[in-house]
Novice: 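Sharing a structure below in structure tokens format, with a few things to ask.
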Amino acid sequence: MNPSVIPITDFQLALSVILVILTGAVSAALRLGLLRSLLWGTVRTFGQLTLIGYVLNYVFALNNLLVLGLLLLLMCYIAARTAVRRVTNVPPGTTLLAFGSLFASTFLVGVLVTQLIIVPEPWYSARIVIPIFGLILGNSMNGIALAIDRMYAETRARRGEVEALLAFGATPWEAVRDCVREAVRAGMTPTINSLMVVGLVSLPGMMTGQILGGVDPQEAVRYQIVVMLMIAAAVAIGCLILVGMSYRRMFTADGALNLEVYRSRGV
Amino acid sequence: MPAWFEFAGLSFLVGVEQRSVSLSGAVDRGRVMLVRGPSGAGKTTLLRVLARLQHGTGDVWLGGRHWHSFAPTAWRAAVCYVAQQPAVFEGTVRDNLRRPFQLTAVGRRRRYDAAAAERGMRALMLPPALLEQDARLLSGGEAVRIAVLRALLADPAVLLLDEPTAALDRPTAAGFCDLLNHWLSEKPDRRAAVVITHDEFVVHRLRDPVFLEMDGGDPGRKSISDVPDQLGGR
């Protein structure tokens, strides 16, 4: 396709195993006990990426709207599950809310970016839509995980303040507004920070990939800008929706703080 | 005329063993009820249930109105609970005193009264200059007094105080008692207080208290005696 792309042959790919041996040597020398995980991780990396390569090839060739939609839903679901599994002490049912917020934020921003900015032909081109939605989901997933974890942690830590406000007749929203603000801030901070240092500390993965793939850096930069801004928007919206749907669940029907919230459940 | 604040057959669970406690009591307009009893009797839980911060069954009336006829937020604004561990918000002491007035339930009824705040500070032996200080730097005893004053200024119909003098010395405790007596007598037809205390000094200094004695964790017994005794009114 592009003459400046240097393909990696099977043999060259196999050579990358040298890197695994180096990593394994470090683990063995320091007795880190990571050898098994390292091997398993390497096998999974090869397996998963090879598989996804075939799947993407197939889906790109098929370019069917229904298949694309189902795939995006599946991606949303996996992202929601991963996000919630990482945080401790969230009540059951949070995965569903996480799915809802990821779905809403990703589709809102994703549709905006693909249909107004990139405008592929046909409009549901899987080659464009899947990587874009994947980028949004991967980042929103981290954002909402940080936000929801922070909301519960902050409310637990500030239980005295929250209850004091309730005791004055505060609504649940008034009582936890500061905690919710901290939560959304926590969810967005990594994204905002990355907006600050992008290109200075490291080149983003997507841009690196495009440049290695032979794209003109100036062209790659344009894509990267769009991607950064869309990620920021999606993270903000995702955090807001999830926290907005979740905070009321920390309260009883009577609007009192639910005792379960600040009773750390442990194992 | 019915009592200003009254509860009957009020049941709730106490402690990790979830012991059931059931009791009744009443406090008239302008009066203070003192709750006494050993640790673990459920005194704090009683106040939290009365404030609807924790679940309990039974009947509570404020000015003849049943508690379920109030919206929860309206009830809590009227029956205000102050925890033994004082809550401190970000900002100065003044910010802390004003904080309740930023809530719809309090702010729409009345405004922050700076003069009353300064009078209260003096009564509690706190220099008015303290208003400018960062509230997180307050000592334990100062924070308790600010928390009590914050509740007094919000003008609830019933004030629920949990061991307010535990961290106070004798003169400061006297200042607290006098301020509470004064607060009750300011609007004697629509104010009352329920105070948990172990402090005999407070018992003698508060005007005309009624008593609610709660027994300890004798698992067989559930009832509680309500002793409307007049002990050493001043």
Side-chain angles (χ1 to χ4, degrees), chain A residues 89 91-93 147 150-189 243-267, chain B residues 13 16 18 45 47-56 67-68 70-91 96-109 135-136 143 146-148 150-151 153-162:
Chain A
N89 272 321
R150 187 60 170 273
M151 184 186 77
Y152 283 98
E154 196 78 13
T155 306
R156 261 194 288 272
R158 294 198 191 185
R159 177 199 158 185
E161 290 172 54
V162 171
E163 285 215 311
L165 289 173
L166 289 176
F168 281 111
T171 60
W173 170 248
E174 286 176 318
V176 293
R177 203 176 51 191
D178 289 347
C179 302
V180 165
R181 193 181 297 147
E182 285 304 314
V184 176
R185 193 200 302 270
M188 291 190 59
T189 299
V243 165
M245 289 195 301
S246 298
Y247 85 88
R248 189 64 180 78
R249 284 161 29 101
M250 297 191 292
F251 295 86
T252 64
D254 222 12
L257 198 56
N258 189 347
L259 289 156
E260 288 301 317
V261 168
Y262 45 81
R263 198 174 289 149
S264 190
R265 261 176 303 206
V267 187
Chain B
L13 300 173
V16 276
Q18 297 284 282
T45 312
L47 293 201
R48 291 174 55 86
V49 169
L50 287 174
R52 284 174 77 169
L53 288 169
Q54 207 167 314
H55 179 71
W67 63 343
H68 289 160
F70 286 80
T73 52
W75 177 265
R76 283 191 284 263
V79 181
C80 180
Y81 167 71
V82 180
Q84 184 179 1
Q85 193 70 46
V88 177
F89 300 106
E90 226 167 59
N96 265 264
L97 294 177
R98 298 184 72 127
R99 187 73 178 84
F101 296 92
Q102 293 163 1
L103 305 172
T104 321
V106 178
R108 74 165 168 230
R109 278 191 305 120
R136 310 241 174 204
I146 292 300
V148 169
R150 180 169 57 200
L153 293 174
D155 189 28
V158 180
L159 189 59
L160 309 174
L161 301 177
D162 194 344

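Within every chain, numbering begins at 1; the chains are lettered A, B, ... in the order of the sequence lines, protein sequences first and strands thereafter. No hydrogens, no waters, no symmetry mates; every other heavy atom, side chains included, goes into these values.
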Novice: Do Leu53(B) and Leu257(A) make a side-chain contact, defined as non-hydrogen atoms from C-beta onward lying under 4.5 Å apart?
Specialist: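 Side chain of Leu53(B) against side chain of Leu257(A), heavy atoms only: no contact under 4.5 Å found.
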Novice: Quick one: CZ on Arg52(B) to CG on Leu166(A), what's the gap to the nearest 0.5 Å?
Specialist: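 The CZ atom of Arg52(B) sits 12.5 Å away from the CG atom of Leu166(A).
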Novice: Which atom pair, heavy atoms only, marks the closest approach of Phe89(B) to Ala164(A)?
Specialist: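 Nearest pair, atom of Phe89(B) first, then Ala164(A): CZ-CB, 4.0 Å.
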Novice: Would the distance check show the side chain of Glu174(A) and the main-chain N or O of Thr104(B) forming a donor-acceptor pair, the cut-off being under 3.5 Å?
Specialist: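 Here the side-chain-to-backbone pair exists.
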Novice: Report the distance from atom CZ of Phe168(A) to atom CZ of Arg99(B), rounding to the nearest 0.5 Å.
Specialist: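 One finds 10.5 Å between CZ of Phe168(A) and CZ of Arg99(B).
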Novice: At what distance, to the nearest 0.5 angstrom, does CG of Asn258(A) lie from CD of Gln54(B)?
Specialist: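 Here the rounded value is 11.0 Å.
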Novice: Quick one: of Pro100(B), Ala154(B), Ala87(B), Ala74(B), who has the most non-hydrogen atom pairs under 4.5 Å with chain A?
Specialist: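 Answer, by heavy-atom pair count under 4.5 Å with chain A: Pro100(B).
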Novice: Below 4.5 Å from any heavy atom of chain A, which atoms of Val88(B) appear? Answer side chain, backbone, both or neither.
Specialist: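 For Val88(B), backbone heavy atoms alone lie under 4.5 Å from chain A.
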Novice: Under the criterion side chain to side chain contact (heavy atoms under 4.5 Å, CB included), I'd like the reasoning laid out for Arg48(B) against Glu163(A): C-alpha separation, chi angles, the key distance, then a yes or no.
Specialist: CA-CA 10 Å; Arg48(B) 291 174 55 86; Glu163(A) 285 215 311; 2.7 Å; yes
Novice: Counting only non-hydrogen atoms closer than 4.5 Å, does Ala71(B) touch chain A with its backbone (N, CA, C, O), its side chain (CB onward), both, or neither?
Specialist: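 Contact with chain A is absent: no heavy atom of Ala71(B) under 4.5 Å.
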Novice: If we define contacts as heavy-atom pairs under 4.5 Å, which of Ala175(A), Ala253(A), Ala170(A) has the most with chain B?
Specialist: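 Most pairs with chain B among the choices: Ala170(A).
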Novice: Rounded to the nearest 0.5 Å, what separation is found between the CZ atom of Arg159(A) and the CD atom of Gln85(B)?
Specialist: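 Arg159(A) CZ to Gln85(B) CD: 10.5 Å, rounded to 0.5 Å.
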Novice: I'd like to know whether CD of Gln84(B) has more than 12 heavy-atom contacts from other residues, nucleotides or ligands below 6.0 angstrom.
Specialist: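 For Gln84(B), atom CD is crowded (more than 12 foreign heavy atoms under 6.0 Å).
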Novice: Could you check whether any side-chain N or O of Arg76(B) sits under 3.5 Å from a backbone N or O of Thr171(A), counting only pairs where one atom can act as donor and the other as acceptor?
Specialist: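 It does not hold such a pair.
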